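The block underneath contains the structure these notes are about, expressed in structure tokens.
Chain letters run A, B, ... following the sequence lines, proteins first, then strands; residues in each count from 1. All values below come from the heavy atoms of this structure, side chains included, with hydrogens, waters and symmetry mates left out. Predicted model, so just to flag it, every value in this text is computed and none were measured.
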Protein chains: 2
Amino acid sequence: MRTLYHLPLCPFSRKVRVVLAERKLPFELKVEKVWERRPEYLEMNPAATVPVLVEQNGLPIPDSSVICEYLEEAYPDISLLGRSLAERVETRRLAAWFDGRFYQEVTKNLVGEKYLKRLLGRGNPDATAIRTGFTSLRYHMEYLGYLADTRKWLAGAAIGLADFAAAAHVSCLDFGGDIDWEKFPAARDWYARIKSRPSFRGILADRVPGIIPPAHYADLDF
Amino acid sequence: MRTLYHLPLCPFSRKVRVVLAERKLPFELKVEKVWERRPEYLEMNPAATVPVLVEQNGLPIPDSSVICEYLEEAYPDISLLGRSLAERVETRRLAAWFDGRFYQEVTKNLVGEKYLKRLLGRGNPDATAIRTGFTSLRYHMEYLGYLADTRKWLAGAAIGLADFAAAAHVSCLDFGGDIDWEKFPAARDWYARIKSRPSFRGILADRVPGIIPPAHYADLDF
């Protein structure tokens, strides 16, 4: 059986879960407490991050971007990057935007400070980081809304990796009740369409000890 | 003509310069002062980072990882990722390691603090960041040496993107005289092999106002 080592509120793990489900590739989820630095895990992934996918043939694949590129090549019947070179550039640009810029400026400052710090026993959330996170969130949600408003899906006509990368981050923030959806109607319409996909059910069913998500978190008509 | 917008001591720009040269794809270099936030540039790359490659047909491709994936698909006669799925996983894992972990822990703390801050008029280098950078450098150079010692090239039998990503960061640090090569003989042997490649000549010819690289910087027998 294919195994995905993950953590529940990790946006990179969530992205891969949705991508595997979109591709209809069955997998088993295993929580990896990366802070315990398990030697067998470090051998698979010296970076000590989640996710790592272990394929049916035993091949370990670390790093969510590497996993998504691998799946695109190993299972070419479905493409989540697009078919033309230009589509693939735009999809990869946006996936890198959400996993890089959005993560550093928003997800890390909010989910990282409020949830991961407690989990890792690294003290109280830093108020400045949280303020920075909320300021950046507004700017990023406006860009997301602009894309959703001018295109069918974020990178163009077809749903793909840009949508799943963005939705993975948004879902982590929404779990913590950080998004005031009234303010971002275009982004909300896009996210409602993503939430209604069967591939997203696992994400919406996540529960994390000590955090109660807002009532709308798993509601498809939020 | 193909155009690469870059900055001289940017490791991501250097990686793409070497990759284009390895592929024998001619290009013109243009310095992009990203801090000026030129509207035409932001339209091509809202992230306001270098590099951006503009292809002969006018297609703008931002983000060095996106550019390298694009080149792999657009010019499939040469592969810098490897041929088997497992080789491509290992090459991409290491490229992501150097562009992610190595950059955040080493290049940003040393090249960023000592050179970029001055360039951007953002004050004096932060002593703590520089100390952290040097501590991380030792650890990373040992890992690089371990890879170079146990494999022909960093990701395996063939030279490829992992080597060029690593060498791009190493070359920026070496320009600033930050690497005490006596301490890292395995990494030095690997870097000497990279430096002797024709694709690396442009990097070794770089000069930056106000910084004098050490005598060994462009020396192939350093």
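The line from OG of Ser65(A) to CG of Asp99(B) is 11.0 Å long, rounded to the nearest 0.5 Å. Taken from CD in Glu73(B) to CG in Leu85(A), the straight-line distance is 6.5 Å, to the nearest 0.5 Å. Note: Arg92(A) CZ to Ile67(B) CD1 = 12.5 Å, rounded to the nearest 0.5 Å.
Heavy-atom contacts from other residues, nucleotides or ligands closer than 6.0 Å to CZ of Arg83(A) number more than 12. More than 12 non-hydrogen atoms from other residues, nucleotides or ligands lie less than 6.0 angstrom from CG of Asn57(B). Within a 6.0 Å sphere centred on CZ of Arg38(B), heavy atoms belonging to other residues, nucleotides or ligands number more than 12. A 6.0 Å sphere centred on CD of Glu36(B) holds more than 12 heavy atoms belonging to other residues, nucleotides or ligands. Other residues, nucleotides and ligands contribute more than 12 heavy atoms inside 6.0 Å of the CD atom of Glu40(B). Atom CD of Glu28(A) has more than 12 neighbouring heavy atoms from other residues, nucleotides or ligands inside a 6.0 Å radius. Atom OH of Tyr146(A) sits in a sparse spot, with 12 or fewer heavy atoms from other residues, nucleotides or ligands closer than 6.0 Å.
Both the backbone and the side chain of Pro46(B) come within contact range of chain A, judged by heavy atoms closer than 4.5 Å. With a threshold of 4.5 angstrom between heavy atoms, Ile61(B) approaches chain A through its backbone and through its side chain.
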I'd like to know whether Glu69(A) forms a salt bridge (charged side-chain N to carboxylate O under 4.0 Å, His left out) with Arg93(B), so could you lay out the CA-CA distance, the side-chain angles of the two residues, the decisive distance to 0.1 Å, and finally the verdict.
CA-CA 11 Å; Glu69(A) 292 289 348; Arg93(B) 175 184 82 80; over 6 Å; no
Begin with the C-alpha distance, continue with both residues' side-chain angles, and end with the deciding distance and a verdict on side-chain contact (heavy atoms from CB on, under 4.5 Å) for Val66(B) and Glu90(A).
CA-CA 9 Å; Val66(B) 178; Glu90(A) 182 62 356; over 6 Å; no
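Judged purely by atom type and a 3.5 angstrom limit, Arg88(B) has no side-chain atom pairing as donor or acceptor with the backbone of Tyr70(A).
The minimum heavy-atom distance linking Pro60(A) with Val89(B) is given by the pair O-CG1, 4.0 Å.
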